[in-house]
Amino acid sequence: MGTEVTDPEQERLRRWRLVLGGGAADGTGHVLSGRDAAMDGALAALYGRDDRAAQSGKDRSAGLGASAPSVARWLGDIRTYFPSSVVQVMQRDAIDRLGLDTLLLEPEMLEAVEADVHLVGTLLSLHKAMPETTKETARAVVRKVVEELEQRLATRTRATLTGALDRSARVSRPRHHDIDWNRTIAANLKHYLPEYGTVVPERLVGYGRASRSVRKEVVLCIDQSGSMAASVVYASVFGAVLASMRSISTRLVVFDTAVVDLTDQLDDPVDVLFGTQLGGGTDINRALAYCQSQISRPAETVVVLISDLYEGGIRDEMLKRVAAMKASGVQFVTLLALSDEGAPAYDRDHAAALAALGSPAFACTPDHFPEVMAAAIEKRPLPVPDTA
């Protein structure tokens, strides 16, 4: 336990001193010692630069220096003094502000960092440049994150979509325990008998029984431009989960200006991720043309486009393709992001055009994604978040 602070005024000054970072403009006059001083040093190494120098790109090394040993010590310090969620933010800031991404090519550095989705995105963008000595460690880091995500998301996803599949397979002559009473009553309201105060159903609506055959087809079409890194990670994990369900045939396609079908690697999302190439341009129209060519049962197909919609291809053709798929019976879902960060910068004109076609574009968190997919499978309105 740390030293208990009994003077509220001193505690207030201590907190302001840690926030302001010291220096002539600090104004607190408070002196830090012990653990507080160590925490302040770790923060100063990352954030204690002159903003003008940061903006001009000068003094990139700041308090961390340019060597792996000093960064490794700093990584150890922040893991000692701060909770995991804060450590992940500080690591991300160190990569962005200080240009430390090249140090991640060293195995010792990878073993020292706190692994999360954003680190995986950085590793995927670097993996083409990785030396052979680092690739095995990088793969282990990625697998650790992927396995944690699968544990968090898989059970609920399977349960939610299994229920949606059962509800979507309506039958007209159900057994008693398979009757969907809400839909049966709604379908037979015209047969209400006021003298008896009841509805006499002429048609029963029921849930279909689970089937081993493929009932729905899902196509995940993922923009792999650099800004979509976290979405690529989550989509790969969800792709593997969906592919594990017998009743769903899943296809996973990634694209920039080229289109790559990674469906045959869906049994291992780590292989999928290392099959991507973050960065480059964007040709949504070409990607959708490929996806459209793979659809054999449009009325039973859900296409999920995950993109910031900055189209480098033919805009009008892209929109015509979406309209044609929807007209054929395809359920088309447009996600601006599949991550916890909300909507990135995106092309608002394209988003509005897709909304006009009946496919509103919105950002979706991983926890909300199963509900979106369930709605698409059941062909009911998508649960668009209020913040979209």
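Note that the structure is a prediction, hence the values are computed from the model and not measured.
- Among residues at least two apart or in separate chains, salt bridge (Lys or Arg N to Asp or Glu O under 4.0 Å) pairs with a member in residues 352-377 are Arg152-Asp367, Arg156-Glu371.
- Counting heavy atoms from C-beta outward, Lys216 and Leu165 have side chains that approach closer than 4.5 Å.
- Two residues are said to be in side-chain contact when any heavy atoms from C-beta on lie closer than 4.5 Å; Val117 and Ser339 fail this criterion.
- Applying the side-chain hydrogen bond (donor to acceptor under 3.5 Å, both in side chains) test to Asp349 and every residue at least two apart in sequence or in another chain returns nothing.
- Partners of Thr122 under the side-chain hydrogen bond (donor to acceptor under 3.5 Å, both in side chains) rule, at least two apart in sequence or in another chain, do not exist in this structure.
- When every heavy atom of Ala115 is checked against every heavy atom of Gln88, the shortest pair comes out as O-NE2, 3.9 Å.
- Considering only residues two or more places apart in sequence or on other chains, Tyr81 meets the ring-ring contact (aromatic ring centres under 6.0 Å, His included) condition with none of them.
- Shown here for Leu357 and Ala323, the closest heavy-atom pair between the two residues is CD2-CB, 4.1 Å.
- For Arg297, the salt bridge (charged side-chain N to carboxylate O under 4.0 Å, His left out) partners are Glu217, not counting sequence neighbours.
- No side-chain donor from either of Asp223 and Tyr310 sits under 3.5 Å from a side-chain acceptor of the other.
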May I have the list of side-chain donor-acceptor pairs in residues 268-279 shorter than 3.5 Å, sequence neighbours left out?
unit_1: Asp268; atom_1: OD1; unit_2: Val270; atom_2: N; d: 3.0
unit_1: Asp268; atom_1: OD2; unit_2: Arg143; atom_2: NH2; d: 3.0
unit_1: Asp271; atom_1: OD1; unit_2: Arg139; atom_2: NH2; d: 2.1
unit_1: Thr276; atom_1: OG1; unit_2: Leu273; atom_2: O; d: 2.6

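- With Arg158 contributing its side chain and Met245 its backbone, the two residues share no donor-acceptor pair below 3.5 Å.
- The environment of Leu153 atom CG is dense: over 12 non-hydrogen atoms of other residues, nucleotides or ligands sit within 6.0 angstrom.
- Taking SG from Cys221 and CD from Gln294, the interatomic distance works out to 11.5 Å, rounded to the nearest 0.5 Å.
- By the side-chain contact (heavy atoms from CB on, under 4.5 Å) test, Ala375 pairs with Arg380, Leu382, Pro383, sequence neighbours left out.
- By the salt bridge (charged side-chain N to carboxylate O under 4.0 Å, His left out) test, Glu148 pairs with Lys144, sequence neighbours left out.
- Rounded to the nearest 0.5 Å, atoms CG (Leu220) and CG (Leu266) are 8.0 Å apart.
- Residues passing the side-chain hydrogen bond (donor to acceptor under 3.5 Å, both in side chains) test with Gln292 are Arg321, sequence neighbours excluded.
- Looking at Glu317, its side chain never comes within 3.5 Å of a backbone N or O of Asn285 through a donor-acceptor pair.
- Open room surrounds NZ on Lys320; 12 or fewer heavy atoms of other groups in view lie less than 6.0 Å from it.
- Evaluation of the side-chain hydrogen bond (donor to acceptor under 3.5 Å, both in side chains) rule for Arg315 yields His350 as partners, not counting sequence neighbours.
- A distance of 7.5 Å separates OG in Ser236 from CG in Leu262, rounded to the nearest 0.5 Å.
- Side chains of Asp77 and Phe82 form no contact here, defined as non-hydrogen atoms less than 4.5 Å apart.
- Heavy atoms only, all atoms of each residue included: Pro360 and Val384 are closest at CG-CG2, 4.1 Å.
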Point to revise | Residue pair Arg215, Ile377: steps toward the side chain to side chain contact (heavy atoms under 4.5 Å, CB included) verdict | key: CA-CA 10 Å; Arg215 301 215 299 269; Ile377 286 172; over 6 Å; no
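- Here the shortest heavy-atom pairing between Met373 and Leu161 reads CB-CD2, 3.7 Å.
- Met228 pairs with exactly one of Ile306, Leu338, Val254, Val233 by the side chain to side chain contact (heavy atoms under 4.5 Å, CB included) rule, that one being Ile306.
- In this view, Phe332 satisfies the ring-ring contact (aromatic ring centres under 6.0 Å, His included) rule with no residue, not counting sequence neighbours.
- Phe238 meets the ring-ring contact (aromatic ring centres under 6.0 Å, His included) test with Phe369; sequence neighbours excluded.
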